[in-house]
Amino acid sequence: MDLTVVCYSSNKKSLSISLLFTVQSHKPYFLAVHCQEVGGKNFEESMSHVDSFVKELLSSDAMKEYSRARLYLDENYKSPEQFTALGSFYFIHESLKNIQQFDFKAKKFRKVVGREICSETLESTPSLEKEKFPQEYFPECKWSRKGFIRTRWALADCAFDLVNIHLFHDASNLLAWEKSPSCYSGNRQKALGYVLDRITDQRYEKVPYFVFGDFNFRLDSRLVIESLCPTAIMQTCTESSTGEINQLIFRESDNDRKVVLLLEKKVFNYVNQDVFRENNGTSLLKFDRELSVFKERLHELEISFPPSYPYSEDSSEGKQYMNTRCPAWCDRILMSPSARDLVLKPENEEKSIVYDNIGPNVCMGDHKPVFLSFRITAGAGKPNANKHKCCVVQ
């Protein structure tokens with residue numbers, strides 16, 4: 001049985017491309033799409049267009065064979081204390097017979113029938129758990145839409161959780177540079193730890209879990225700048241009225257003191273973007289350290305795609321990064337140790353697992369969606385279950 005998950009943090013055009021690519025290339029039985037920033041960054045103006053987009057999506061030719069679907073959209077921006085702007089979409093192929101979804105209030109699985117769209121009062125929807133992070137988790141930001149949505153599924157007696165997550169960003173490149181690790185890294189660590197504790201507490205039976213979304217993980221700014229500018233001389237610029245640092249300029253010591261890097265609150269302008277694209281930027285993975293704190297609780301397949309953020313939103317610059325933030329692997333698909341056991345990779349079927357980005361040469365918004373396609377063993381999520389392969393469609 002093929003199961004594909006897509007991590008998406010971009011615009012609705014990007015989502016259409018993501019789904020079409022995923023369905024046509026991998027033909028999954030079960031497709032999970034996690035969205036962040038539903039309605040876009042200007043959600044008050046754009047949220048009215050989301051419903052029509054969803055209807056068009058469900059009526060598209062690519063989705064005709066997915067006779068069952070569950071779409072959860074947190075659109076209620078008029079309730080800021082609860083609004084997360086998260087969207088979780090699940091599509092089930094008509095040939096998949098044994099599919100159930102967990103009712104968190106009744107504490108039992110229910111058969112999935114037909115298509116349903118839920119966008120009102122998600123807090124009281126029994127088929128999911130939704131929480132927004134407390135304000136004190138990110139005191140640098142006046143108001144945040146960050147949080148998580150959790151659903152639980154059973155495919156042929158194989159049970160697992162799917163968690164849509166959106167963690168805090170780096171508000172200032174200058175603050176992120178001040179120390180290693182940055183203050184923002186600590187905020188994300190606290191929030192992710194909270195989510196993991198919630199989905200593994202004693203309220204429900206523990207099952208394998210996949211956590212995917214926009215983690216906003218960043219490279220260790222202090223260390224990566226030292227690596228990118230090893231011999232540069234740093235010039236500090238300050239606000240005349242406050243004396244606060246507002247710009248750092250890194251210049252070569254010779255070569256006419258050429259500027260190598262310009263750093264401001266929302267500017268990261270490095271002289272050579274190719275370093276983030278060559279060999280998919282993997283030489284910089286040694287500075288990707290935020291996940292190491294959770295090495296006993298979360299696993300990830302090997303990354304072989306370039307940093308997923310921040311791409312240019314100019315439609316003619318599909319591979320170009322914006323000069324706003326240091327490129328990083330913000331969008332990830334992570335899994336518990338038991339979930340990793342579900343992702344089987346027989347030695348004679350090396351192509352059965354794919355962890356990659358979508359649209360490497362196409363403008364997809366400031367985030368490139370990433371996806372994981374794999375086969376699961378029926379019953380692997382249950383104790384003492386039979387271990388056997390389900391039907392696979394490539």
Side-chain angles (χ1 to χ4, degrees), residues 3-10 14-15 18 22 32-37 84 86-89 133 146-150 160-170 181-182 184-196 199 208-221 224 276 280-282 284-311 321 325-337 339-340 342-343 353-360 364-374:
L3 185 150
T4 298
V5 294
V6 176
C7 166
Y8 147 80
S9 257
S10 198
S14 165
L15 178 55
S18 301
T22 305
V33 183
H34 284 178
C35 312
Q36 299 78 47
E37 304 289 2
T84 63
L86 291 173
S88 297
F89 298 174
F133 296 123
K146 308 303 190 290
F148 73 95
I149 289 178
R150 169 199 192 185
F160 52 85
D161 283 350
L162 299 178
V163 182
N164 186 357
I165 193 168
H166 195 185
L167 297 182
F168 309 109
H169 62 282
D170 282 13
S182 76
Y184 304 115
S185 174
N187 292 337
R188 289 188 285 271
Q189 178 182 334
K190 183 177 180 181
L192 181 53
Y194 173 81
V195 173
L196 296 181
I199 65 176
Y209 54 84
F210 296 86
V211 185
F212 53 109
D214 181 4
F215 292 85
N216 264 313
F217 289 159
R218 307 300 169 98
L219 303 183
D220 188 304
S221 185
V224 78
F276 302 108
N280 291 322
T282 51
L284 298 172
L285 277 171
K286 59 180 175 288
F287 303 116
D288 180 73
R289 301 183 170 188
E290 294 193 34
L291 191 56
S292 62
V293 179
F294 301 96
K295 62 183 179 181
E296 302 299 326
R297 307 176 73 182
L298 288 171
H299 297 276
E300 183 177 24
L301 299 186
E302 181 180 356
I303 291 177
S304 59
F305 49 86
S308 65
Y309 171 86
Y311 280 92
Y321 289 105
R325 308 288 185 185
C326 178
W329 288 270
C330 294
D331 307 275
R332 314 281 276 266
I333 298 172
L334 310 179
M335 61 199 79
S336 65
R340 181 184 56 180
L342 293 178
V343 185
I353 301 175
V354 183
Y355 184 34
D356 205 350
N357 67 2
I358 296 175
M364 305 285 283
D366 56 349
H367 289 256
K368 292 280 189 196
V370 302
F371 75 99
L372 172 64
S373 179
F374 62 96

Any residue meeting ring pair (Phe, Tyr, Trp, His ring centres under 6.0 Å) with [X], in chain and number order, not counting sequence neighbours:
X: Phe287; result: none
X: Phe215; result: Phe217
X: Tyr311; result: Tyr321
X: Phe133; result: Phe168

Hey, does [Y] have a side-chain heavy atom less than 4.5 Å from the side chain of [X]?
X: Ser308; Y: Asn357; value: no
X: Ser88; Y: Leu162; value: no
X: Val211; Y: Phe294; value: no

Which heavy-atom pair separates [X] from [Y] by the least distance, and what is that distance?
X: Gly359; Y: Met364; answer: O-CG, 3.9 Å
X: Val224; Y: Cys326; answer: CG1-SG, 4.1 Å
X: His367; Y: Asp214; answer: CE1-OD2, 3.3 Å
X: Pro310; Y: Pro327; answer: CD-CA, 3.7 Å

Sequence neighbours left out, what passes salt bridge (charged side-chain N to carboxylate O under 4.0 Å, His left out) with [X]? Give chain and number order.
X: Asp170; value: Arg188
X: Arg297; value: Asp197
X: Asp161; value: Arg150, Arg152

By the definition ring pair (Phe, Tyr, Trp, His ring centres under 6.0 Å), identify the one residue from Phe89, Phe212, Phe148, Phe371 that meets it with His34.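 Running ring pair (Phe, Tyr, Trp, His ring centres under 6.0 Å) over Phe89, Phe212, Phe148, Phe371 with His34 returns exactly one hit, Phe212.
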Please identify each residue that fulfils side-chain hydrogen bond (donor to acceptor under 3.5 Å, both in side chains) with Ser336, with sequence neighbours left out.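 Per chain and number, Ser336 pairs via side-chain hydrogen bond (donor to acceptor under 3.5 Å, both in side chains) with Ser338.
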Main-chain N/O of Leu167 paired to Asn216 side chain as donor or acceptor, under 3.5 Å: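 Checking the backbone N and O of Leu167 against the side chain of Asn216, a donor-acceptor pair under 3.5 Å is found.
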Is a side-chain donor or acceptor of Asp356 paired with a backbone partner of Phe305 at a separation under 3.5 angstrom?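 Flag not set: sc Asp356 to bb Phe305 has no pair under 3.5 Å.
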Going by the rule side-chain contact (heavy atoms from CB on, under 4.5 Å), which residues pair with [X] if we only count those two or more places apart in sequence or in a different chain?
X: Thr282; value: Asn279, Asn280, Leu285
X: Ala328; value: Arg218, Leu219, Cys330
X: Glu300; value: Leu291, Ile303, Arg332, Leu334, Tyr355
X: Thr84; value: Asp74, Leu86, Lys130, Lys132

CG on Asn187 to NZ on Lys146, rounded to 0.5 Å: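 With rounding to 0.5 Å, NZ (Lys146) is 11.5 Å from CG (Asn187).
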Report the distance from atom OG of Ser221 to atom CZ of Arg325, rounding to the nearest 0.5 Å.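 Rounded to the nearest 0.5 Å, the OG-CZ separation comes out at 10.0 Å.
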Please lay out, stage by stage, how Leu192 and Leu298 fare under the test side chain to side chain contact (heavy atoms under 4.5 Å, CB included). CA-CA 11 Å; Leu192 181 53; Leu298 288 171; 3.9 Å; yes
Using side chain to side chain contact (heavy atoms under 4.5 Å, CB included), reason through Leu342 and Met335 one step at a time and then give a plain yes or no. CA-CA 10 Å; Leu342 293 178; Met335 61 199 79; over 6 Å; no
